[in-house]
Amino acid sequence: MDQPLIAADPHAEIREEVRKLCARFPGEYWRELDTRRGYPTEFVKALTEAGYLGALIPEEFGGAGLPLSAAAAILETIHAEGCNGAACHAQMYIMGTILKHGSPDQKQRYLPGIASGELRLQAFGVTEPTSGTDTTNLRTFARKEGDKYIVNGQKIWTSRAEHSDLMLLLARTTPKDQVAKKTEGLSTFIVDMRTAKGLTIRPIRTMMNHNSCEVFFDNMEVPAENLVGVEGRGFRYILDGMNAERLLIASESIGDAKWFTQKSVAYSKERVLFGRPIGQNQGVQFPIAKAYAQMRAAEAIVKQGLEKFEAGIPCGEEANMGKMLAADAAWAAAEACVQTHGGFGFAEEYDVERKFREARLYQVAPISTNLVLSYIGEHVLGMPRSY
């Protein structure tokens with residue numbers, strides 16, 4: 001029997017169940033949270049209870065043991081349904097560092113609780129005010145004293161820090177002037193924020209409700225047993241998870257693009273001006289169609305990246321390009337959606353302005369478009385390093 005030219009979506013059932021879950025959290029839910037800058041506790045709880053936030057955790061630790069493409073399908077669907085996975089997506093892409101480099105004791109100590117929802121691993125402490133994406137120049141320092149590390153420094157844009165139990169922290173453990181390469185001497189720690197002393201969290205009010213914070217460490221003690229892997233190799237551990245992060249964030253942007261396009265198409269059919277639906281006008285129709293084409297192209301690149309990641313093949317090219325193209329597609333779809341709705345695109349009740357603000361973030365984070373282009377220029381095209 002001939003095989004179908006296009007394989008069936010292996011995660012179609014997951015997508016359908018996520019859609020059903022998201023239907024319980026309509027636009028009104030997100031608008032109310034946006035007004036008071038609240039955290040979607042009920043939504044995160046529902047995702048946890050359904051097992052979606054433990055998707056990548058092996059079954060032996062209470063998770064679903066699913067591949068990265070399943071996590072991508074979950075996050076894409078969340079965004080395509082008008083919800084926002086930013087409240088909990090870190091629990092998926094941080095997971096790889098612990099799964100790959102964590103000790104057996106750390107896995108047993110934390111993973112079952114994360115899978116069940118007893119613990120939240122939502123905070124990722126990497127970026128600092130002075131270094132930004134120049135990660136090797138971070139200043140937060142962890143000094144070892146006996147069976148513990150003493151941490152001093154500051155992080156910024158540590159989203160969800162107020163709503164997480166655990167933080168994955170990157171800190172320097174050897175001064176930069178004492179290492180052969182600037183990527184050496186950085187270490188990764190699991191910080192239990194429930195009991196940590198000398199930890200201060202301050203929320204940052206931003207354009208979108210992203211629950212972002214700045215975090216200060218003042219002689220904060222971290223048990224030596226919470227060091228992930230080998231001291232001084234933390235930068236490599238963080239890099240291991242960055243391709244996964246970019247593929248998952250790209251999937252969210254693809255979901256956003258699908259949401260904007262669906263809203264644009266529906267409104268262009270029902271809105272009648274001058275005796276005809278506005279979608280009949282090419283000036284309205286073409287930007288929507290072009291954004292859709294951009295989304296499909298990004299979708300194809302991200303799919304390639306996910307396939308390579310799961311096969312253990314280097315996927316930096318697809319992860320970086322997929323993230324950039326998906327963010328561009330979401331922004332193009334967002335622009336088209338606002339323009340299609342006209343004045344109503346700025347009205348809160350349509351949810352377009354909320355999603356518009358949320359979609360803009362991914363042009364900048366978790367890696368800016370310019371750094372993606374620098375990566376492509378150097379590592380894909382073989383051009384001289386630009387920074």
Side-chain angles (χ1 to χ4, degrees), residues 37 39 86-91 93-94 97-98 120-145 148-179 181-224 226-229 231-239 241-242 245 249 361 364-368 370-371 387:
R37 298 283 162 154
Y39 182 77
C88 48
H89 58 195
Q91 192 148 301
Y93 61 72
I94 292 176
T97 301
I98 297 176
R120 283 184 184 163
L121 174 62
Q122 296 289 359
F124 193 29
V126 176
T127 307
E128 297 186 0
T130 57
S131 57
T133 50
D134 187 6
T135 305
T136 58
N137 276 320
L138 61 80
R139 298 179 181 179
T140 297
F141 199 89
R143 184 183 73 258
K144 190 171 185 183
E145 290 188 0
K148 61 180 179 269
Y149 286 84
I150 309 299
V151 182
N152 284 282
Q154 177 186 359
K155 299 292 180 181
I156 198 167
W157 308 125
T158 307
S159 298
R160 302 161 299 274
E162 288 185 298
H163 305 281
S164 182
D165 300 309
L166 306 174
M167 174 193 291
L168 191 65
L169 173 68
L170 184 67
R172 185 161 284 286
T173 45
T174 303
K176 190 177 176 182
D177 59 5
Q178 296 179 23
V179 294
K181 296 181 179 179
K182 62 181 182 179
T183 56
E184 297 174 352
L186 295 163
S187 301
T188 308
F189 301 89
I190 300 172
V191 178
D192 190 334
M193 297 193 293
R194 298 170 300 172
T195 57
K197 301 292 190 297
L199 173 67
T200 303
I201 300 172
R202 294 179 186 169
I204 303 172
R205 189 172 178 87
T206 60
M207 185 171 72
M208 73 291 295
N209 182 23
H210 208 70
N211 303 109
S212 291
C213 303
E214 54 183 340
V215 183
F216 300 86
F217 311 104
D218 183 11
N219 290 321
M220 181 184 73
E221 296 184 4
V222 178
N226 281 30
L227 171 73
V228 177
E231 181 182 300
R233 297 185 185 176
F235 184 73
R236 185 195 310 172
Y237 302 158
I238 294 296
L239 282 181
M242 283 185 173
E245 176 190 34
I249 294 297
L361 171 66
V364 175
I367 181 173
S368 73
N370 284 345
L371 280 177
Y387 62 95

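Here the straight-line distance linking atom CG of Asp192 with atom CG of Asn226 works out to 7.5 Å at 0.5 Å rounding. Of the inter-residue distances, the one linking Met242 atom CE with Thr135 atom OG1 reads 5.0 Å to the nearest 0.5 angstrom. We find the CG-CZ distance between Asn137 and Arg139 to be 8.5 Å, quoted to the nearest 0.5 Å. Atom CZ of Arg160 is separated from atom CG of Asn211 by 8.0 Å, given to the nearest 0.5 angstrom. Here Thr188 contributes atom OG1 and Tyr237 contributes atom OH; the two are 7.5 Å apart, rounded to the nearest 0.5 Å. Glu184 CD to Thr136 OG1: the interatomic distance, rounded to the nearest 0.5 Å, is 11.5 Å.
Remark: the backbone N or O of Gly234 is not paired with any side-chain donor or acceptor of Ser187 at under 3.5 angstrom. Judged by distance alone, the side chain of Tyr39 and the main-chain N or O of Ala87 form a donor-acceptor pair under 3.5 Å. A donor-acceptor pair under 3.5 Å links the side-chain atoms of Gln91 to the main chain of Leu121, judged by distance alone. Proximity of a side-chain donor or acceptor of Arg37 to a complementary backbone N or O of Thr206 within less than 3.5 Å is detected.
Contact of the Phe235 side chain with the Lys182 side chain is not registered, since no non-hydrogen atoms from C-beta on lie closer than 4.5 Å. Between Thr133 and Ile367, the closest side-chain pair of non-hydrogen atoms is not below 4.5 Å. A 4.5 Å side-chain heavy-atom check between Ile150 and Lys148 finds at least one atom pair inside the cut-off. Inter-residue side-chain proximity for Asn152 and Asp218 is flagged as met; some heavy-atom pair is nearer than 4.5 Å. You'll find the side chain of Leu138 reaches within 4.5 Å of the side chain of Arg172, heavy atoms only. Ile204 has its side chain within reach of Ile156: a pair of non-hydrogen atoms, C-beta onward, lies under 4.5 Å apart.
The nearest pair of heavy atoms linking Gly232 to Thr173 is N-OG1, 4.0 Å. Taking all atoms of both residues into account, the shortest heavy-atom contact from Gln154 to Phe217 is N-CD1, 4.1 Å. Smallest separation of non-hydrogen atoms from Ala123 and Ala161: CB-CA, 4.1 Å. Across every non-hydrogen atom of Leu199 and Ala196, the tightest pair is CD2-CB, 4.2 Å. Here the closest heavy-atom approach between residue Ala171 and residue Phe189 is recorded as CB-CE1, 4.3 Å.
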>> Evaluate Leu168 against Phe124 for side chain to side chain contact (heavy atoms under 4.5 Å, CB included), listing each step before the verdict.
In response: CA-CA 5 Å; Leu168 191 65; Phe124 193 29; 3.8 Å; yes
>> Quick one, Tyr149 with Glu231, criterion side chain to side chain contact (heavy atoms under 4.5 Å, CB included). Give me CA distance, side-chain angles, the key distance, then yes/no.
In response: CA-CA 11 Å; Tyr149 286 84; Glu231 181 182 300; 2.4 Å; yes
>> Determine whether Lys197 and Asn219 satisfy the following criterion, side chain to side chain contact (heavy atoms under 4.5 Å, CB included), listing intermediate values before the conclusion.
In response: CA-CA 8 Å; Lys197 301 292 190 297; Asn219 290 321; over 6 Å; no
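Paired with Met193 under the rule side-chain contact (heavy atoms from CB on, under 4.5 Å), one option of Met167, Gln122, Met220 passes, and it is Met167.
A side-chain N or O of Thr140 and one of Glu128 form a donor-acceptor pair less than 3.5 Å apart.
Aromatic ring pairs are classed by plane angle as parallel below 30°, tilted from 30° to 60° and perpendicular above 60°; the pair His210 and His89 is perpendicular.
Atom CZ of Arg194 has more than 12 neighbouring heavy atoms from other residues, nucleotides or ligands inside a 6.0 Å radius.
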